[in-house]
Protein chains: 2
Amino acid sequence: MARLKVGVLISGRGSNLRALIDSCARPNHAALIGLVISNVTAARGLEIAATNNVPIEIIDHKLYPDRPAFDAALDASLREHGIELVCMAGFMRLLTDGFVEAWRDRLINIHPSLLPAFKGRHPQRQALAAGARISGCTVHYVRPQVDAGPIVAQSAVPVLEGDSEESLSARILAAEHLLYPLAVQLIAAGEITLAGERAVLSPTAQRNLATVSGLRF
Amino acid sequence: MARLKVGVLISGRGSNLRALIDSCARPNHAALIGLVISNVTAARGLEIAATNNVPIEIIDHKLYPDRPAFDAALDASLREHGIELVCMAGFMRLLTDGFVEAWRDRLINIHPSLLPAFKGRHPQRQALAAGARISGCTVHYVRPQVDAGPIVAQSAVPVLEGDSEESLSARILAAEHLLYPLAVQLIAAGEITLAGERAVLSPTAQRNLATVSGLRF
């Protein structure tokens, strides 16, 4: 079976990229990482990609006159490499509506909260400010509205007394590293599909995602 | 040690009331149910209370000219019975700001969502409409703003493919029956305190609440 070619957009350390690369390296994985694009020249994630023989592209947003021009370069690179699914992984640029629509249903993101709670910036800080006892992370298809779009999967973590933004972020990030690769695997394997504006999980997908949900089933 | 006298406000079946009564019946529980008030004459929860020799009062809101008059009757009854903590348990009347302020920091509620997500009416329906994969319930101190106030404890449950509002509500309700009594026990035992607008859990409280959080720790 042909493996789904995945492109990953990064700006920084690439810890989710590493989790995706490690996951896709397993035998019989339904996806392969066909391209990593960074808008930051010094992103540490680029080293991870290079070490693992994943093609990399640096597309420095500062070299483009505006967002549409930058996004056109992204788009061209993804198409050149035959990318079929794009994963945002700590990518710090807002994408234009045009790009998002061009990659509609083929563009996913992971957000460090249980959406629709705590959209936007600093969701961990928002969770602490709200006094939430439970937070987590969400894999979702991307839509032009910020942090909206069909929810694929979620994983919950406790918020503990004395948590700082850093300690909570680290706990959520550990959950992301389990959730994101599995969600990609299941999308690539056809176990997660879209029906209108809802992601639909097959029984296999639901069973597998339960193991990384942070919940006792 | 004197046990904390708890009053419970109900309007219906009283399944959370039953969980609270059963919990407080255990030896060495730090709370006792000193009064159940229903605004509905036929509330099934009244039978549960009567069967367990818990004092009951029916305060029919239809017999009062307005909300302040009804709330004054509630307040008088709670004070007469020496109630120190009031638990809303499926109580279907909006309380006036005056009542809420009079019982500030001594009035708690359980809401069937992971607040601040899905405030207001039909939170389970809201969770399904949002495509959330995780929902749950929240015990919180009551403030005049709807479903606001310091969060005491939360418990998470999965939202499953094919869930109806009824099936999700039942799963959340089962979590409520574990969470609410334990939260009341811990408040009564002084293991949960308020510091300004934050509930603070002692290590004991945090450890105990983890067992009913629905999370794998």
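In this text, all values refer to a predicted model and were calculated from it rather than measured experimentally. A note on names: the letters A, B, ... follow the listed sequences, proteins ahead of strands, and every chain is numbered from 1.
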Fill in: Euclidean distance, B:R133 CZ relative to A:L115 CG, rounded to 0.5 Å
12.5 Å
Worksheet item: Quick one: of A:A127, A:P116, A:P158, who has the most non-hydrogen atom pairs under 4.5 Å with chain B?
Response: A:P158
Practice prompt. Check A:I134 against B:Q154 and note the closest heavy-atom contact, atom names and distance.
Written response: N-OE1, 3.1 Å
Worksheet item: Side chain, backbone, both or neither: which part of A:L209 has an atom under 4.5 Å from a heavy atom of chain B?
Response: neither
Fill in: Side chain, backbone, both or neither of A:T138 within contact of chain B (heavy atoms, under 4.5 Å)
neither
Worksheet entry | Part of B:S155 lying under 4.5 Å from any heavy atom of chain A | backbone
Fill in: Side-chain donor/acceptor of B:Q206 to backbone N/O of A:E161, under 3.5 Å
yes
Item to complete: Would you mind checking which part of A:L114 comes under 4.5 Å of any heavy atom in chain B, side chain (CB onward), backbone (N, CA, C, O), both or neither?
Response: side chain
Fill in: Region of A:P150 that comes under 4.5 Å of a non-hydrogen atom in chain B
neither
Response to the item:
Closest heavy-atom pair, B:V157 versus A:L215, reported as atoms and distance to 0.1 Å, is C-CD1, 3.7 Å
Worksheet item: How about B:R13: does its CZ atom have over 12 heavy atoms from other parts shown lying under 6.0 Å from it?
Response: no
Discussion item. Using every non-hydrogen atom in the two residues, find where B:R216 and A:R216 come nearest and quote the distance to one decimal.
Written reply: CG-CG, 3.6 Å
Worksheet entry | More than 12 heavy atoms of other groups within 6.0 Å of A:R18 CZ | no
Worksheet item: Using non-hydrogen atoms only, which part of A:V152 is less than 4.5 Å away from chain B: side chain, backbone, both, or neither?
Response: backbone
Fill in: Option in B:A199, B:A148, B:A130, B:A117 with maximal non-hydrogen atom pairs under 4.5 Å from chain A
B:A199
Practice prompt. Under 4.5 Å heavy-atom distance to chain B, tell me which part of A:A153 shows up: side chain, backbone, both or neither.
Written response: backbone
Fill in: More than 12 heavy atoms of other groups within 6.0 Å of A:R93 CZ
yes
Discussion item. I need the minimum non-hydrogen distance between A:G131 and B:I151, along with the two atoms involved.
Written reply: O-CB, 3.5 Å
Worksheet item: Side chain, backbone, both or neither: which part of A:A210 has an atom under 4.5 Å from a heavy atom of chain B?
Response: backbone
